[in-house]
Amino acid sequence: MIQTRWHVITGAPCSGKTAVIQELEVRGYRVVHETARSFLEKKREESKSPEFRKQAQTTILEMKLDIESSLPVDETLFLDRGAPDSIAYYRLHELDPAEVFQRGRRRRYRRVFFCDRLPLEPDAIRTEDEATAAKLHAFLLDAYRRFDYEVISVPVRSIRERTEFILKHL
């Protein structure tokens, strides 16, 4: 396992993680935007289908791992979701996450920040309802804990305050 200087920002859908990533980027930090969202945006019409989303999980995992394999392990950067997030989505779609457990152990993140939930606001890509978002919240926490990460909970605050909270915990 390779220790990195990467920090993951994760959380359930509509938890504010992407807004924090964007704020970090504005402040000059290197960030990696969410792979799944960009993939689903390119497949906008197909992505509305639950079956497509289920089948897409392997592709999304491959994309995440490819991106991570190209990143310098000694550079401080922030990822909008990490490989263990795929475990939660595999579980949601009733897929076997064994492959993710095996392949997700190649690199170790420095810190994992977990954004507390905000009210759900569906959009063209986000299709989850409140019950699904709550389930993903639990699955995501469980996934990172199974990889023995100390998950740092980021409380609900303004984007600026959440960003400051994260930077103080580096």
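We count residues from 1, following the sequence as given.
One finds the NZ atom of K64 at 10.0 Å from the CG atom of L79 (value rounded to the nearest 0.5 Å). In this structure, the separation between CG on L77 and CD on E68 is 9.5 Å, given to the nearest 0.5 Å. How far CZ of R106 is from OG1 of T4: 15.0 Å, rounded to the nearest 0.5 Å. A distance of 11.0 Å separates CG in L136 from CG in L141, rounded to the nearest 0.5 Å. Rounding to the nearest 0.5 angstrom, the gap separating the CG atom in L65 from the CZ atom in R103 is 5.0 Å. Note that the NE2 atom of H137 and the SG atom of C115 stand 10.5 Å from one another [nearest 0.5 Å].
Under the 4.5 Å side-chain heavy-atom criterion for Ile, Leu, Val, Met, Phe, Trp and Tyr, L170 and L24 are members of the same hydrophobic cluster. Residues V31 and F165 share a hydrophobic cluster, clusters being chains of Ile/Leu/Val/Met/Phe/Trp/Tyr side chains in contact below 4.5 Å. Connection of I159 to V26 is not established within any shared hydrophobic cluster, with ILVMFWY side chains joined at heavy-atom distances below 4.5 Å, either directly or through further cluster members. The cluster map of Ile, Leu, Val, Met, Phe, Trp and Tyr, joined by side-chain heavy atoms under 4.5 Å apart, puts V112 and V100 in the same cluster. I87 and L140 end up in the same hydrophobic cluster when Ile, Leu, Val, Met, Phe, Trp and Tyr side chains are linked at under 4.5 Å.
Between F114 and V8, the closest side-chain pair of non-hydrogen atoms is not below 4.5 Å. Counting heavy atoms from C-beta on, the side chains of F101 and D96 never come closer than 4.5 Å. Within the 4.5 Å cutoff, the side chain of F113 has no heavy atoms near those of the V20 side chain. Residues R91 and D142 are in side-chain contact: their nearest non-hydrogen atoms beyond the backbone lie under 4.5 Å apart. No side-chain heavy atom of Y89 sits less than 4.5 Å from a side-chain heavy atom of L61.
Other residues, nucleotides and ligands contribute over 12 non-hydrogen atoms within 6.0 Å of the CD1 atom of I152. Around CD of E94, the count of heavy atoms belonging to other residues, nucleotides or ligands within 6.0 Å does not exceed 12. Residue R27 places its CZ atom among more than 12 non-hydrogen atoms of other residues, nucleotides or ligands, all under 6.0 Å distant.
No donor-acceptor distance shorter than 3.5 angstrom exists from the side chain of S15 to the backbone of L118, with no hydrogens or angles considered. With R162 contributing its side chain and P155 its backbone, the two residues share a donor-acceptor pair below 3.5 Å.
Remark: the D66 side chain and the S69 side chain contain no N/O donor-acceptor pair separated by less than 3.5 Å.
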query: Under the ring pair (Phe, Tyr, Trp, His ring centres under 6.0 Å) criterion, do Y149 and Y109 qualify, and how do the steps go?
result: CA-CA 8 Å; Y149 283 107; Y109 309 118; 5.7 Å; yes

- prompt: Stepwise, does the side-chain contact (heavy atoms from CB on, under 4.5 Å) test hold for R108 with D148?
  reply: CA-CA 10 Å; R108 183 135 182 102; D148 296 322; 4.3 Å; yes

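The ring pair (Phe, Tyr, Trp, His ring centres under 6.0 Å) contacts involving residues 64-85 comprise H7-F78, Y29-F78, where partners must be two or more places apart or lie in separate chains.
Pairing each heavy atom of Y144 with each of A83, the nearest pair is OH-N, 4.5 Å. The two residues R30 and L71 make their nearest non-hydrogen contact at NH2-CD2, 3.5 Å. When all heavy atoms of A143 and P84 are compared, the pair lying nearest together is CB-O, 3.5 Å. The nearest pair of heavy atoms linking R81 to A12 is NH2-C, 4.1 Å. Residue P97 comes nearest to Y90 through the heavy atom pair CA-CD2, 3.9 Å, listed as atom of the first residue, atom of the second, then distance.
Side-chain heavy-atom separations under 4.5 angstrom define the hydrophobic clusters, and M1 shares its cluster with no other residue.
Ion pairing between E34 and K17 holds under the 4.0 Å rule for side-chain N and carboxylate O.
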